[in-house]
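Just so we're clear, the structure is a prediction, and the values are computed from it rather than from any experiment.
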Amino acid sequence: MSDSHHHHDNASFDQIGEVLRAHSSFVILSHIRPDGDAIGSQLALGHALLAAGKKVRLINEDGLPDNLMFMAGSEKIELPPSTPLEVEVAIALDTATKPRLGEKSLHAASKAKIWLNIDHHISNPRYGDLNRIDPTSPATGQIIYQLITALNLPLPPETRDAIYVAVSTDTGSFQYPSTTAQTYTMAADLINRGLDVGTINSNIYDNYPYRRVELMRALLNTLEVSDNGLVAHWTMIDQLRVDLNLRPEDSEGLIDFIRAIRGVQLAVFFEELPDGKIRVSMRSKDRRLDVCQIASTFGGGGHPLAAGIRMSGPLDEAKTLVLAEIHRRIQASEIESNHL
Ligand code: AMP
Ligand code: MN
Ligand code: MN
């Protein structure tokens, strides 16, 4: 039964705690092309459970991205093994739909008899046996913090730092409107527990590879703004990945640069993937322009102000379809065009 619109179907922290207490072996998973919230949430919960004496495996379809290798305890992140793991419980974190865990990861976790699904995507269809979906949370990492503190689980330094990375990266450094007073209270608590703000931010934000800036230069050459000034988009062809020797995480967060253009209400990043599929990233500045709804038209999902799609190509066709849908939504809304 799928009751995706009933908030009260959420498992309580105590119910989740009961599953954690009653079992000894866990596999913790997150979505393909993992971001800071995906890896951060895995490391945060994983190291808390390890410190509580549990057997824990941390699996990601695409492994640990280079830009997050600085995180303490991140060597625990593994690629999926080819034989299913002997674990009792599988925990999916920050993953809007089950297929986004990846086929190999799903196979690795296939022997688990209980599935927990902890996430903050409003579009999550509640595919777990126990689900905790909180769309008011700016990051899955903040739900993990609440869970750990509510259950009095251990909070080792690896967990402390991972929660911070998860929440900082998913809030655009504590800037997006999803950021709440609770987010700052939590950050203050993490600092009180010994987190080094300067070092961790420098590791996240002042340590990009040069090729990322070269990618930015190439993207700027493709930048287009719609006649009404509301929509900015840029495009990455797959050849660019080859020419600049790019890794998937290199494009992470670049869209914020065109989202920040004055007057622009919606930013779109089109990326041609090696398999010919098109990844579409969308960011909105206006609640009346819900990019999660636009994404779901094409089988994607996410949040009202940040969403994504993986669709078939070719690139030009995908762009035409998505941009047409965006302009339809703008016309149906009360948003007024602005002239640059
Ligand atoms: P991104 O633009 O990739 O940073 O994604 C923005 C948000 O939408 C993130 O929270 C993603 O987890 C979510 N998202 C991205 N792509 C998809 C997809 N194909 N299906 C469901 N959710 C997605
Ligand atoms: Mn994520
Ligand atoms: Mn997230």
SB check [X] [Y] (cutoff 4.0 Å):
X: D275; Y: K277; result: no
X: E18; Y: R21; result: yes
X: R247; Y: D250; result: no

Give a yes-or-no answer on whether the side chains of [X] and [Y] include a donor-acceptor pair shorter than 3.5 Å.
X: D94; Y: T140; value: yes
X: T183; Y: T180; value: yes
X: T297; Y: R328; value: no
X: N201; Y: Y164; value: yes
X: N228; Y: S226; value: yes

Using the rule that two of Ile, Leu, Val, Met, Phe, Trp, Tyr join whenever any of their side-chain heavy atoms come within less than 4.5 Å, decide whether I118 and V19 are in one cluster.
-> yes

Any donor-acceptor N/O pair, [X] side chain to [Y] backbone, under 3.5 Å:
X: S284; Y: L289; value: yes
X: S41; Y: G141; value: yes
X: E88; Y: I114; value: no

Does a side-chain heavy-atom distance below 4.5 Å link V165 with L43?
-> no

Minimum heavy-atom distance L29-V27, with the two atoms named | CD2-CG2, 3.8 Å

